[in-house]
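Here's the structure we're looking at; comments come further down.
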Amino acid sequence: MKKNEDTKVTKMIIESQIKASVVSAVKKLYATDIAEESVQIQLTRKDMKGDYTIVVFPLLKISKKNPVETGKELGECIQEDCADVSEFEVVKGFLNLQLSTSYWTNLLNENVHNEQYGITEADDKSPLVMIEYSSPNTNKPLHLGHIRNNLLGYSLSRIVSANGNQVVKTNIVNDRGIHICKSMLAWKKWGEGQTPESTGKKGDHLVGDFYVKFDQEYKKEQAALIEAGQTKDEAEANSALMKEAREMLVKWEAHDTEVYGLWEQMNQWVYQGFDVTYKKMGVDFDKIYYESDTYKVGRDMVLEGLDKKAFYRRDDNSVWADLEKDGLDEKLLLRTDGTSVYMTQDIGTAKLRYDDYNIDKMVYVVGNEQNYHFKVLAIVLDRLGLNWGKDLVHFSYGMVELPEGKMKSREGTVVDADDLMQDMINTARDMSKELGKLEGYSEEEAEKVYEMIALGALKYFMLKVDPRKNMTFDPKESIDFNGNTGPFIQYTYARIQSIYRKAKANGIAISDKTDLNTELSEKEIQLMRMVSNFPAVVAEAGKVYSPALIANFVYDLAKEFNQFYHESPIAVEEDETKRSMRLLLCKSVGTVIKNGMWMMGVDVPERM
RNA sequence: GGUCCAGUAGCUCAGUUGGAUAGAGCAAUAGCCUUCUAAGCUAUGGGUCGUGGGUUCGAAUCCCGCCUGGAUCACCA
C-alpha cells in the first residue's frame, strides 16, 4: 500500500508539475495569471510522439499568437522548468511533451515489486459500503440475466474494495410470495414425492420444473374453460389452480404446519442448488437476508412512518406515500388487507441492514427496469430517517437480450446459468486438449485451468460492456476464446509466467532494479505509461461503478504487451541491462493484469 | 400519453472533463511457428457516428427538434 501511494504521488506530481509549469510560462511570456485547473493536460495520443499533451487553443487569446508559435514558446519554458521533460513537439494546436527515460525507469523501479499495485487496502476507519446483488427468486434456477447481475455485483465489490473501502456483499432472497406457492402446489399435485436425491436433479432445477408444470397445467385449465364458453377474464377469475395457490399463500402467512414445512423443504432444495451455481460462478456473500424475515419488519416500519406522518392512510385502510413534492406519484406501501408489497419488504430489509451495519453507502445492483422503484425507495428511506437512504446508489444495469429479443420462459428461450457455464467449460477443455497446452498437468490440475478459462471468457464477456447498456447474447454462437476476450488476457499472463520459468531454468539472474539509464523503446515506454495509469483507472472505475473500464484497460495492456513480446527478446536478450529492464517490465505488466482481472473476479493461470 | 435510457464498421462493442486522421474484436483476404507459449503477431478492405438544426477555434461527446428501439408509470415482484 505504501508503494502504491508513492506511485500515485509520483504520477500526480509530474502532472501537477507540468500544469504549474504552464502557469508560470504563461505568466512569464504573456504576463497573465491563469488558474492551474484551467490548464488542459491529457495523455498524448498513442500514435503521436510524447507522454503528455497541453492543448494550446484556449491560450491563444492570451498569447495573441498562432497555435504553433504559442506551443513552441510554452514548450521551451516548460522544458527548462521541468527536469523530467526531455523533449517537446508542437503539432497543430497541441504541445506534446516527452518525459525522460529515467523518469519511466524510476517509476518502474518504484512499483515493480508491489504485488498489490493498484489496490488500496481498507482499515477499520475506511467507509463501509454495502453492495446488494443477485437477489434471486426461489422458484426457479438462475439464468443469463442473473449471471450478469452476479458478475457485476461481485466485480463491483472488488473494485470498491480496491479503492480502500470496507465492503459487505449482501443478497436478499425473495423466498415468499405467490410464485413460490405455484411450484409448491404443482409438486404436491404431480410431484409424486420427487426429491433432488430421487431424481438426481439439482434442487433449484427440480423446483423450477414444477413452476413450469404449474404454468402448463394452468394454461390447459384456461383453454378448457374458454372452450366451455367463458371469456378470458372469466376463465382467469375462475381458475381453480390459481385459487388453490392463493389459499396456499394465506396458509403460509398463517404458518400452517404442512404448507410451511413444504415451503422450508423446497426452499432448502433451491438453496442447495444455488450454492452450487454460486460456487461455480465464483461469487459469494458476507450476509444473506431473506424476504420472509424482512417483510414484517417493513410493515412495522411503514406503520411507524404513519405515526410520524411520513405516510398516510386512505379510507379503504391502505397506506400510501405521497411523493408529489418530489415530483413523483403516490406509492402504495400496504394493501387494503394490510399485507406487504414489494416496496414494503425493501424497507424492512433496509432497516435490518441499518441495524446490523454501520453503512456509509448502500449500493443496489438491480436491473434498469426498476429505476422508478429505487427512486421511490430512496425518498421513502430518507423520510424514515435512514441516513444513507437518499444517497443510495441504484447500480442500474441493462438487460441481456437474445438476438430475437428478450428471454421468455414460456418460449423456452431462457439460457440457464448452469448449462451455460458447463458448455463453456466443455469448450475450453476441448480447445485446450486440441492445442496440447497442458501436457504434464494432472487431470485435476488441468480441469482447474479449463474452468478458469471458461469462466474467464464468460465473465470478461459480460463485464467488458458498459453496464448501463443492454447487451446481446447469441446462444448459438459460443463465446469466443480469441481476440478481445478473457482467455486472451489470461494467455498473456501465462506467457509472462512462462518467460519467468524460462529465465529461471536458464539460470538468468533477475535484478531488483532497472538501471536508470537503460535505453527504452517506444513500446516499452508505452507499456510503462499504461502501467502507471492503472491506479487512475481503478479510481475512475470505483467512482463511476464500472467494471467495463477495468476490462477495457486490461485488454489494451495485454494487446500492447503481446506486440512488445513479438518484437523484443526478453529472457533471451543478450544485453544484460536491457534484459533486466524487460524482465521487470514483464513482472509489472503481469501484476497489473492479475490485479485487474481480480477486480473482475477472474483468476489467471500459470500455464494455458 | 408522461418520465428515463439507448442508437458508432456486416456482427459484438470501445471512444475519459468537448480536442489531432473515430478505434478494437469477430467475420473476409494475404502473410508469420528449428528462436522466450501461434488462445499470439503483421497487413488489407470495411463509417453520411440514427436524423435535422444550434453552441465554438474545435462536436460521436454539450443544447433543441424529429425518427427508431427498449424500460417504466400495478393493491405484480
| query | Taking N and O atoms by type only, does the side chain of A:N562 place a donor or acceptor under 3.5 Å from a partner on the base of B:A39? | reply | no

| field | Aromatic ring proximity A:Y491/A:F488, centre distance under 6.0 Å | value | no

| said: Between A:K523 and A:R45, which residue's closest nucleotide on RNA chain B lies nearer the 5′ terminus? | reply: A:R45

| field | Set of residues satisfying side-chain contact (heavy atoms from CB on, under 4.5 Å) with respect to A:V91, sequence neighbours excluded | value | A:M48, A:E89, A:N96

| query | In dot-bracket notation, what is the pairing pattern of RNA chain B, taking Watson-Crick (N1-N3 plus N6-O4 or O6-N4) and G-U wobble (N1-O2 and O6-N3) contacts under 3.5 Å, with [ ] crossing and | for other strands? | reply | (((((((..((((.....[...)))).(((((.......))))).....(((((..]....))))))))))))....

| Between B:G40, B:U42, B:A20, which one does the side chain of A:F94 approach most closely? | B:A20

| said: Any base atoms under 4.0 Å from A:D47, or only sugar-phosphate, or nothing? Heavy atoms, all strands. | reply: nothing

| request: Check RNA chain B against residues 490-503 of chain A and give the residues with a non-hydrogen atom under 4.0 Å, in numerical order. | output: A:Y491, A:A494, A:R495, A:S498, A:I499, A:K502

| task | Starting from the 5' end of RNA chain B, give me the residue, A:K92 or A:D329, whose nearest nucleotide shows up first. | result | A:K92

| query | For A:V465, which contact category applies under a 4.0 Å heavy-atom criterion: base, sugar-phosphate, or nothing? | reply | sugar-phosphate

| task | Mind checking A:V91 for me? I need base, sugar-phosphate or nothing, with any heavy atom below 4.0 Å counting as a touch. | result | base

Would you tabulate the nitrogen or oxygen pairs shorter than 3.5 Å linking the protein to nucleotides 43-47 of chain B?
none

| Heavy atoms under 4.0 Å, any strand shown: does A:P67 hit a base, just sugar-phosphate, or nothing? | nothing

| request: Look at all strands and tell whether A:Q40 reaches a base, only sugar-phosphate, or nothing, counting heavy atoms closer than 4.0 Å. | output: base

| field | Pair of N/O donor and acceptor under 3.5 Å linking B:A20 base with A:T53 side chain | value | yes

| request: Specify the residues of residues 545-559 of chain A, ordered by number, for which at least one heavy atom lies under 4.0 angstrom from an atom of RNA chain B. | output: A:N552, A:Y555, A:K559

| Using a cut-off of 4.0 Å on non-hydrogen atoms, how would the nucleic acid contact of A:N96 be classed: base, sugar-phosphate, or nothing? | base

| request: Provide, to the nearest angstrom, the distance between the CG atom belonging to A:N470 and the P atom belonging to B:G70. | output: 10 Å

Tabulated below should be each protein N or O lying under 3.5 Å from an N or O of nucleotides 5-7 of chain B; please produce it.
unit_1	atom_1	unit_2	atom_2	d
B:G7	OP1	A:K469	NZ	3.4

| Using the glycosidic torsion, which applies to B:C57: syn (within 90° of 0) or anti (everything else)? | anti

